[in-house]
Amino acid sequence: MGKLLTTTPQEDGFRMPGEFEKHDGCWMLWPERPDTFRLGAKPAQQAFVETAVAISHFERITMGVSARQFSNARSQLPSHIRVIEMSSNDAWMRDCGPIFVNNGQEVRVVDWEFNAWGGLDEGLYFPWDQDNLVPRKVAELEWLDRYQVPMVLEGGGIAVDGEGTLITTTQCVLNPNRNPHLSLTEVECYLQRYLAVEKIIWLPRGSVDDETDGHIDGLCAYIRPGELVLGWTDDKSDPQYEINQEAYEMLCGERDARKRPFTIHKLPNPRPIYVTAEESAGLDMVEGTHPRPEGLCMGGSYVNFYLANGGVVVPLYGDPADRPTLATLQALMPERKVVGVQSGREILLGGGMVHCITQQQPSPNSR
């Protein structure tokens with residue numbers, strides 16, 4: 001176990017499970033960058049602790065932490081959360097971390113390339129070399145065989161149902177700052193071979209002002225096969241309005257890999273969140289990192305939740321829609337306990353949400 005494979009998951013009979021399937025655990029990375037997270041990342045660390053504790057009620061959590069932050073993280077996290085030393089450039093495990101596949105008996109790692117959402121020209125920071133090693137480190141720690149893919153892909157850029165269907169956006173995955181050397185056909189071939197999907201649904205774009213170039217996980221998410229939650233607004237003046245309408249109309253006209261129409265549940269978006277002068281001043285900006293000036297719109301989303309074993313962990317923003325959203329999700333998923341993370345705004349100020357900072361490790365037989 002733990003070897004680099006030269007085959008593909010598809011030919012080996014492996015597939016990427018849906019997030020709603022059974023997990024063996026969840027992986028996270030500890031925040032510390034002062035140019036990503038304000039006030040030396042201390043408020044963000046509290047938010048990550050809140051998120052990790054919420055998920056740990058449902059499944060095992062492993063937190064990867066740099067050597068210089070190990071003692072700090074260990075002192076803040078409860079003892080039932082595993083803390084391991086793992087260097088990284090930032091804390092977005094969904095995007096730089098591994099994607100896991102299984103075959104009913106075994107789990108393997110798919111290791112995609114990561115370029116900090118755009119590379120040297122449009123990426124959010126440099127370097128990203130340690131982020132790019134995270135999937136390999138996870139595979140080594142877990143004694144898992146690993147596939148290496150010569151294509152840039154972030155976990156937040158795709159949503160799968162585990163039954164052959166993948167939803168993504170052209171804004172992200174076909175962005176010239178990801179894989180300019182690959183054609184649409186070549187990109188689809190890699191997705192099919194390494195995730196074992198049969199049908200790929202391309203939505204044009206993701207959430208407005210998304211600095212990850214339109215990740216799907218801020219727009220829609222599977223809650224079970226054939227069933228989606230979609231971010232929504234009825235306010236025509238909201239910049240997200242046209243994007244939501246466009247996605248809804250396209251998904252209504254689609255069928256998944258098993259020829260099923262989609263059941264789509266509209267989940268109202270929180271109000272737009274704008275960076276305050278105090279929040280912006282708390283960042284220690286350096287050359288080559290993405291600025292977050294006062295007045296910048298950070299598009300929050302309730303769809304960016306994490307599905308744990310028997311649970312749903314949802315980012316909250318101090319918005320009037322927080323409480324109704326939890327009730328709506330609880331009604332949609334009565335088999336799960338819905339839990340809100342009150343410090344969702346703090347994570348969002350760094351550029352992501354709950355789903356963005358987590359990555360599930362499915363069980364070998366996850367169905």
(message) I'd like to know if Arg292 and Glu211 make a salt bridge, using a cut-off of under 4.0 Å between side-chain N and carboxylate O.
(response) yes
(message) Taking the basic N atoms (NZ, or NE/NH1/NH2) and the acidic carboxylate oxygens, is any pair closer than 4.0 Å for Arg258 and Glu198?
(response) no
(message) Quick check: is Val229 connected to Val341 through a chain of hydrophobic side chains (ILVMFWY, heavy atoms under 4.5 Å apart)?
(response) no
(request) Check whether any side-chain heavy atom of Leu228 sits under 4.5 Å from a side-chain heavy atom of Ile167, and report yes or no. (result) yes
(message) Salt bridge or not between Arg38 and Glu346? Use side-chain N to carboxylate O under 4.0 Å.
(response) yes
(message) If we count only N and O atoms by modelled type, under 3.5 Å, do the side chains of Glu188 and Thr185 hold a donor and an acceptor together?
(response) no
(request) Determine, using ring centers only, whether Phe114 and Trp112 are less than 6.0 Å apart. (result) no
(message) What I want to find out is whether Arg15 reaches Glu21 closely enough, with some N-O distance under 4.0 Å, to be called a salt bridge.
(response) yes
(request) Check the side chains of Lys137 and Ser87 for a donor-acceptor pair under 3.5 angstrom, ignoring hydrogens and angles. (result) yes
(message) Quiz question: by atom type and distance under 3.5 Å, do the side chains of Asn103 and Asp12 form a donor-acceptor pair?
(response) no
(message) Whether Glu113 and Arg178 form a salt bridge (side-chain N of Lys/Arg under 4.0 Å from carboxylate O of Asp/Glu) is what I want to check.
(response) no
(request) Side-chain contact test, heavy atoms from C-beta onward, threshold under 4.5 Å: evaluate it for Thr168 versus Leu203 and give yes or no. (result) no
(request) Could you tell me whether a side-chain N or O of Arg146 sits under 3.5 Å from a main-chain N or O of Arg108, the two making a donor and an acceptor? (result) no
(message) Among Glu32, Glu50, Gln76, which residue satisfies the side-chain hydrogen bond (donor to acceptor under 3.5 Å, both in side chains) criterion with Gln45?
(response) Gln76
(request) May I ask you to check whether Ser66 and Gln69 show a side-chain donor-acceptor distance below 3.5 Å? (result) no
(message) Between Trp92 and Tyr125 (judged by ring centroids, cut-off 6.0 Å), do the two rings come close enough to count as a pair?
(response) no
(request) Flag the pair Thr51 / Ile357 as yes when at least one side-chain heavy-atom distance between them is below 4.5 Å, and no otherwise. (result) yes
(request) Determine, for Arg224 against Glu335, whether the closest basic-nitrogen to carboxylate-oxygen distance falls under 4.0 angstrom. (result) yes
(request) Could you pull out all residues at least two apart from Tyr306 that satisfy ring-ring contact (aromatic ring centres under 6.0 Å, His included)? (result) His23
(request) State which residue, out of Val303, Leu267, Ile223, fulfils the side chain to side chain contact (heavy atoms under 4.5 Å, CB included) condition with Leu329. (result) Leu267
(request) State whether Arg205 and Glu246 are salt-bridged, where the test is any N-O pair (Lys NZ or Arg NE/NH1/NH2 against Asp/Glu carboxylate O) under 4.0 Å. (result) yes
(request) Could you check if a side-chain atom of Asp111 sits within less than 4.5 angstrom of a side-chain atom of Ile99, using non-hydrogen atoms only? (result) no
(message) Under a 3.5 Å distance rule, please check whether Asp210 uses its side chain to pair with a backbone N or O of His215 as donor and acceptor.
(response) yes
(request) Verify whether one side chain among Ser280 and Glu294 offers a donor that lies under 3.5 Å from an acceptor in the other. (result) no
(message) For a quick check under 3.5 Å, do Asn115 and Asn132 share a side-chain donor-acceptor pair by atom type?
(response) no
(message) I need the full list of ring pair (Phe, Tyr, Trp, His ring centres under 6.0 Å) pairs touching residues 319-367, with sequence neighbours left out, sorted by first then second residue.
(response) none
(request) Find out whether Glu163 and Pro225 are in side-chain contact, i.e. whether some heavy atom of one side chain is under 4.5 Å from a heavy atom of the other. (result) yes
(message) In this structure, would Leu251 and Tyr241 fall into the same cluster of hydrophobic residues linked by side-chain contacts under 4.5 Å?
(response) no
(message) Quiz question: by atom type and distance under 3.5 Å, do the side chains of Asp235 and Thr233 form a donor-acceptor pair?
(response) no
(request) Kindly state whether the ring of Tyr248 and the ring of Trp232 have centres lying under 6.0 angstrom apart. (result) yes
(request) With sequence neighbours excluded, tell me which residues meet ring-ring contact (aromatic ring centres under 6.0 Å, His included) with Tyr317. (result) Tyr302
(message) Looking at Arg260, I'd like to know if its CZ atom is crowded, meaning that more than 12 non-hydrogen atoms belonging to other residues, nucleotides or ligands lie closer than 6.0 Å.
(response) yes
(request) Determine whether Met86 and Leu29 make a side-chain contact, defined as any pair of heavy atoms from C-beta on separated by less than 4.5 Å. (result) yes
(message) Within the 4.5 Å heavy-atom criterion, are Thr165 and Val160 side-chain neighbours or not?
(response) no
(request) Run through Lys337, Gln330, Arg336 and flag the one making a side chain to side chain contact (heavy atoms under 4.5 Å, CB included) with Val312. (result) Arg336
(message) Students often mix this up, so state it plainly: with edges at 30° and 60°, are the rings of Tyr194 and Tyr190 parallel, tilted or perpendicular?
(response) tilted
(message) Within the structure provided, determine whether Leu77 and Trp30 are in side-chain contact (heavy-atom separation under 4.5 Å).
(response) yes
(message) Quick check on side-chain hydrogen bond (donor to acceptor under 3.5 Å, both in side chains): which of Glu142, Gln361, Gln359 does Trp27 satisfy it with?
(response) Gln361
(request) Inspect the contact between Lys22 and Glu59 and indicate whether a charged nitrogen and a carboxylate oxygen are less than 4.0 angstrom apart. (result) no
(message) Under a 3.5 Å cutoff, is there a donor and acceptor pairing between the side chains of Gln10 and Gln192?
(response) no
